[in-house]
S.K.: 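Attaching a single structure in structure tokens format; questions to follow.
In listed order, ligands and their atoms are each counted from 1.
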Amino acid sequence: MIVLKTSRELSVMRKAGKISQKALRLAGEAVEPGVSTWEIDKIVRTYIESEGATPSFLGYSGYPASACISVNNVVIHGIPSKSIILKKGDIVSLDIGAYYEGFHGDNAWTFPCGEISEEAQALLDATEQSLFLGIEQAVPGHAVQAYVEARGYSVVREFVGHGVGAKLHEDPSVPNYGTPGRGVRLMPGMVIAIEPMINMGKPGVQILDDGWTTVTKDGSLSAHFEHTVAITNDGPVLLTQLD
Ligand code: MF3
Ligand code: CO
């Protein structure tokens, strides 16, 4: 069931989105060689709680941390750990949600750790660009797929974007692949998280024994960018942004 949001609810969601975006930026600034992903998670939790919000992911289906921190070939759901120390050249996806006054914001960004290869930078640029194309057209499937496949990358199929609101995951699901004109018709009041997960190599992924960490099957690099977007009469509006 798709839950439409009133304009009053959207203004609360904008606050949740803003806290999520601020947390993502603070965490992104902490991405540096020698820092552990556990330390970054701590920054996220401390900031979100300082705003009177709670980290959306902490305890969600038993997830043990506030952020998902996915390095290099890890696609999504990397669990922060004191033993994962960032190195120069890593690409680091941070996925962060904040729950505030009854609503969630959800966003992700892949940050370079120090200087990264040109190849890795091109993957980040293309994935970021595909997110904004998806938002512009608010029909992410085809927009994302056509853009990244033309560059030789591939779209992860097993995980998709989603509706977001009082629950972190609501209907509809928002795939990053598909045929133009198919799927759920977007309506004003819908709020969706658009989140392309793009691999440099083949699309296949695999979940490790911890039940969360999702890696590329072929070991290739993967990037992930996400925004929470409201569909309005005036077009798509980003909720996960600062003023
Ligand atoms: N942004 C991710 C998602 O929308 C994060 C979920 S991690 C979880 O699926 F721990 F909350 F599941
Ligand atoms: Co999401």
S.K.: Hey, which residues fall under 4.0 Å of ligand 1 on heavy atoms?
M.R.: Phe57, Tyr60, Tyr63, Cys68, His77, Asp95, Asp106, His162, Leu168, His169, Glu195, Trp212, Glu226
S.K.: NE2 of His227 to CD of Gln241: how many Å apart, nearest 0.5 Å?
M.R.: 7.5 Å
S.K.: Do the side chain of Gln21 and the main chain of Thr240 share a donor and acceptor less than 3.5 angstrom apart?
M.R.: yes
S.K.: Any salt bridge between Arg45 and Glu49, counting N to O under 4.0 Å?
M.R.: yes
S.K.: Are Asp125 and Gln121 close enough that a side-chain donor and a side-chain acceptor fall under 3.5 Å?
M.R.: yes
S.K.: Answer yes or no: is there an ion pair linking Lys87 with Glu32, defined by an N-O contact shorter than 4.0 Å?
M.R.: no
S.K.: Is the closest side-chain donor-acceptor distance between Ser93 and Thr110 under 3.5 Å?
M.R.: yes
S.K.: Are Asp106 and His162 close enough that a side-chain donor and a side-chain acceptor fall under 3.5 Å?
M.R.: yes
S.K.: Taking the six-membered ring for Trp, are Tyr99 and His104 parallel (under 30°), tilted (30 to 60°) or perpendicular (over 60°)?
M.R.: tilted
S.K.: How many protein N, O or S atoms sit closer than 2.8 Å to the Co ion (ligand 2)?
M.R.: 4
S.K.: Would you say Glu9's side chain and Thr6's backbone share a donor-acceptor pair under 3.5 angstrom?
M.R.: yes
